Amino acid sequence: MKLKIAILAGDGIGPEVTREAVNILNVVAEASGHEFTFTESLIGGVAITANGTPLPQSTIDTCLDSDAVLLGAVGDNKFNSLTPDKRPEAGLLQIRQELGGFANLRPCLAFEALSENSPLRPEVTKGVDILFVRELLGGLYFGQPREWNKQTGEAFNTMRYSKSEVERVAHIAFQLAQKRRKKLTQVDKANVLECSQLWRATVDEIKTQYPDVTVEHQLVDSMAIHLMNTPRNFDVVLTENLFGDILSDESGVISGSLGMLPSATIGGKVNLFEPVHGSAPDIAGQGKANPLGAILTAAMVLRHSAHLEQEAKAVEAAVTKVLAEGHRTSDIARGNTAANVTTQQMGKLVHNALAESIDRQQSLHAV
Ligand code: IPM
Ligand code: MN
């Protein structure tokens with residue numbers, strides 16, 4: 001199989017974590033005889049500096065001509081004074097629109113080896129396996145009109161959803177729930193917002209097509225606390241764009257670090273893969289960044305775009321093994337040992353663990 005992957009490393013720690021993710025994809029390609037090709041393009045602050053725009057047309061063209069897009073992170077404090085439409089983040093929002101993926105899958109796992117890293121007690125986080133399905137192309141992020149009127153001193157944004165936008169992402173969430181523990185929690189603010197009432201009514205209408213899936217509704221404020229108190233109660237969590245952004249960051253508390261969380265966006269022309277964390281300019285270029293979020297994102301490329309489920313699992317197992325051996329970047333050092341590896345060393349450890357497991361598999365097959 002041939003897979004063309006566009007690499008948009010972006011800003012801050014984006015390039016250093018993406019490099020480790022690409023190394024992992026290369027191991028899989030070599031071992032399995034598949035051909036992965038990588039084309040690097042600019043996005044975010046580095047694109048503004050080079051081209052005066054956060055998303056050059058050439059980047060869009062490269063991405064649309066690819067089978068998958070792997071993105072690092074965007075955001076640079078240098079551009080904080082710019083209006084939202086000119087900032088590095090605008091490039092990210094625009095590429096999401098261009099690619100058309102509306103279902104952003106954000107898994108949250110409690111890694112056994114990191115159980116002491118979470119401020120939550122191990123018995124609370126043990127075994128947590130949540131899949132957030134965040135609607136990615138609607139809501140406050142894109143709704144018109146929007147404005148900050150400096151004359152009147154007023155600013156407004158628009159939360160807008162159509163029934164069909166809710167339906168398409170809800171179907172994906174239900175289908176994913178069917179393959180998991182068959183529970184879907186839909187999160188909204190239906191006691192205040194009409195948009196949320198639309199979400200609730202639409203999900204209730206669709207659920208008759210998925211009789212094997214149990215549906216519950218949660219208000220986003222109480223969901224924020226349930227997620228910390230009883231995270232094991234959740235399987236698939238479906239929600240709109242902004243609530244999904246906030247809740248998925250919150251779920252980093254369960255995993256032990258935001259640096260551990262991957263994501264995949266499906267449903268559009270080309271799937272988009274990005275770790276949940278940001279560009280972390282404060283630690284960029286120092287070898288302190290945790291590449292595991294990006295590496296687990298590479299596993300999602302294998303799962304959702306290359307359809308190599310076994311290989312995706314092998315990458316995830318390699319990450320689990322390296323963590324179990326006690327290797328820690330600084331973000332996951334708390335409560336355990338001090339950080340003992342750099343970004344690159346962590347990447348290399350996963351690389352070696354993966355290569356070993358592939359060798360073992362191949363020699364088993366050879367017998
Ligand atoms: C994320 C990020 C982005 C978002 C920002 C950088 C625009 O926080 O991917 O979660 O809000 O979607
Ligand atoms: Mn976010």
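Please read all numbers here as calculations on a predicted model, not as lab measurements. Whatever order the structure lists them in is the order used to number ligands and atoms, beginning at 1.
- Side-chain atoms of Asn352 and Glu356 form no donor-acceptor pair, as typed in the model, at a separation below 3.5 Å.
- Using the six-membered ring where Trp is involved, Phe36 and Phe38 have ring planes that are perpendicular, over 60° apart on the 30 and 60° scheme.
- Among all non-hydrogen protein atoms, the one lying nearest atom 11 (O) of ligand 1 is Tyr141 OH, 2.6 Å.
- Scanning the protein heavy atoms around atom 9 (O) of ligand 1, the nearest turns out to be Arg96 NH2, 2.8 Å.
- Using 4.0 Å as the threshold, His277 has no heavy atom nearer than that to any atom of ligand 1.
- Under a 4.0 Å criterion applied to the non-hydrogen atoms of Asp245, ligand 1 contributes the atoms 1 (C), 4 (C), 8 (O), 10 (O), 11 (O).
- Under the 3.5 Å distance criterion, with hydrogens and angles disregarded, a donor-acceptor pair is assigned to the side chains of Thr185 and Glu216.
- Using a non-hydrogen distance threshold of 4.0 Å, Arg134 registers as a contact of ligand 1.
- Taking all atoms of both residues into account, the shortest heavy-atom contact from Glu316 to Leu296 is CG-CD2, 3.8 Å.
- In the model, Asn157 has no side-chain atom that pairs as donor or acceptor with a side-chain atom of Tyr141 under 3.5 Å.
- Counting only heavy atoms of the protein, atom 1 (C) of ligand 1 lies nearest to Arg106 NH2, 3.4 Å.
- A parallel orientation is assigned to the rings of Phe174 and Tyr210, their planes being inclined by less than 30° (bins at 30° and 60°).
- No side-chain N or O of Asn290 forms a donor-acceptor pair with one of His277 less than 3.5 Å apart.
- Taking a cut-off of 2.8 Å, the protein N, O or S atoms nearer than that to the Mn ion (ligand 2) are Asp245 OD1.
- Asp188 and Gln186 are linked by a side-chain donor-acceptor pair at a separation below 3.5 angstrom, with hydrogens and angles left out of the test.
- Paired with Gln94 under the rule side-chain hydrogen bond (donor to acceptor under 3.5 Å, both in side chains), one option of Glu98, Arg96, Gln97 passes, and it is Glu98.
- Of all protein heavy atoms, the one closest to atom 5 (C) of ligand 1 is Leu92 CD2, 4.2 Å.
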